Student: 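Below is a structure I'd like to ask you about.
On a predicted model such as this, the values are computed, not experimentally measured, just so you know.
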Amino acid sequence: TAPEHVPVRIGQHDARTLAIEWADGATSLLDVRALRMACACAECVDEWSGEPRLAERDVPADVAPVGIQSVGRYAIQIEWSDGHGTGIYPFERLRRLGAAVPGRPDGGGL
């Protein structure tokens with residue numbers, strides 16, 4: 001696995017931001033509501049069409065992670081305060097999501 005896809009620390013940066021420190025020295029800051037909206041599980045995204053099923057109106061503004069578990073050596077699964085918990089977030093995807101907005105330590109923050 002490439003160092004840019006290996007987290008060394010995952011935790012809350014502040015109430016609205018998840019921080020991931022990567023083995024290559026970069027840090028991703030991800031807005032937790034945007035991360036919840038980015039869930040790609042079958043409940044949130046249609047498996048056949050790829051169309052999103054999750055509407056912004058269905059996710060509380062104050063949604064937050066209440067638990068994070070590792071999934072093997074490639075992903076995390078987040079339990080959310082809105083009761084959702086089936087989504088798996090591969091590290092490679094988290095790194096891409098974290099690089100979506102320029103101006104942060106690794107060029108991003110969702």
Side-chain angles (χ1 to χ4, degrees):
T1 304
E4 66 269 16
H5 298 140
V6 177
V8 293
R9 186 177 111 35
I10 300 172
Q12 288 296 130
H13 175 71
D14 59 35
R16 304 302 317 145
T17 311
L18 186 72
I20 303 175
E21 295 175 16
W22 302 98
D24 68 354
T27 299
S28 296
L29 300 175
L30 300 109
D31 176 81
V32 293
R33 187 167 189 276
L35 190 57
R36 170 64 182 94
M37 292 297 305
C39 182
C41 79
E43 187 177 318
C44 295
V45 176
D46 185 277
E47 290 184 88
W48 297 104
S49 69
E51 291 295 314
R53 291 181 171 173
L54 183 62
E56 286 207 34
R57 69 179 176 275
D58 297 331
V59 177
D62 64 349
V63 71
V66 294
I68 298 176
Q69 296 181 2
S70 63
V71 177
R73 293 175 28 172
Y74 76 97
I76 57 173
Q77 186 169 15
I78 302 174
E79 181 183 345
W80 295 97
S81 59
D82 66 354
H84 188 69
T86 58
I88 294 174
Y89 296 82
F91 297 139
E92 185 175 340
R93 182 161 187 256
L94 286 168
R95 183 67 183 247
R96 281 194 319 269
L97 290 171
V101 179
R104 296 276 171 77
D106 73 340
L110 183 66

Student: Side-chain contact, heavy-atom cut-off 4.5 Å: Cys39 with Trp80?
Tutor: no
Student: Quick one: salt bridge (charged side-chain N to carboxylate O under 4.0 Å, His left out) pairs with a partner in residues 69-85, sequence neighbours left out?
Tutor: Arg36-Asp82
Student: Mind checking salt bridge (Lys or Arg N to Asp or Glu O under 4.0 Å) for Asp46 and listing every partner two or more places apart, or none if nothing turns up?
Tutor: Arg53
Student: Distance-only check: which donor-acceptor pairs under 3.5 Å involve side-chain atoms of residues 5-14, not counting sequence neighbours?
Tutor:
unit_1: Arg9; atom_1: NE; unit_2: Glu21; atom_2: OE2; d: 3.4
unit_1: Gln12; atom_1: NE2; unit_2: Asp14; atom_2: O; d: 2.8
unit_1: Gln12; atom_1: NE2; unit_2: Thr17; atom_2: O; d: 3.4
unit_1: Asp14; atom_1: OD1; unit_2: Arg16; atom_2: N; d: 2.9
unit_1: Asp14; atom_1: OD1; unit_2: Thr17; atom_2: N; d: 2.9
unit_1: Asp14; atom_1: OD1; unit_2: Thr17; atom_2: OG1; d: 2.9

Student: Heavy atoms only: give me the nearest Ala38-Leu97 pair and the separation to one decimal.
Tutor: CB-CD1, 4.1 Å
Student: I'd like to know if Val45 and Leu35 are part of one continuous hydrophobic network [Ile/Leu/Val/Met/Phe/Trp/Tyr, side-chain heavy atoms within less than 4.5 Å].
Tutor: no
Student: For the pair Leu54 and Met37, evaluate side-chain contact (heavy atoms from CB on, under 4.5 Å) and give the outcome as yes or no after the intermediate values.
Tutor: CA-CA 7 Å; Leu54 183 62; Met37 292 297 305; 4.1 Å; yes
Student: Which pair of non-hydrogen atoms, one from Arg93 and one from Ala40, has the smallest distance, and what is that distance?
Tutor: NH1-CB, 4.0 Å
Student: If I compare all heavy atoms of Arg33 with all of Val59, which pair ends up nearest, and what's the gap?
Tutor: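 The answer is NH2-O, 2.8 Å.
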Student: If you define the side chain from C-beta out and look only at heavy atoms, does anything of Trp22 sit under 4.5 Å from Ser28?
Tutor: yes
Student: Among residues at least two apart in sequence or on other chains, which ones pass side chain to side chain donor-acceptor pair (under 3.5 Å) with Glu51?
Tutor: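 Here no residue qualifies.
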Student: For Gly98 and Leu30, which heavy atoms make the closest approach, and how far apart are they?
Tutor: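 Taking Gly98 first and Leu30 second, the nearest heavy atoms are N-CD2, 3.7 Å.
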Student: Under a 4.5 Å side-chain heavy-atom rule over Ile, Leu, Val, Met, Phe, Trp and Tyr, are Ile20 and Ile68 clustered together?
Tutor: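 Both belong to a single hydrophobic cluster.
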Student: To check you understand the geometry: which heavy-atom pair defines the closest contact between Val32 and Ala15, and what is its length?
Tutor: CG2-O, 4.2 Å
Student: Would you call Cys41 and His84 a side-chain contact if the rule is heavy atoms closer than 4.5 Å?
Tutor: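 Cys41 vs His84: side chains touch.
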Student: Checking Arg57 now: which residues fulfil side chain to side chain donor-acceptor pair (under 3.5 Å) with it, not counting sequence neighbours?
Tutor: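 Arg57 satisfies side chain to side chain donor-acceptor pair (under 3.5 Å) with no residue once adjacent residues are dropped.
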Student: How does the hydrophobic cluster around Val71 look, that is, which other residues are in it when side-chain heavy atoms under 4.5 Å mark a link?
Tutor: Tyr74, Ile88
Student: What are the two closest heavy atoms between Asp24 and Ala26, and how far apart are they?
Tutor: OD1-N, 3.1 Å
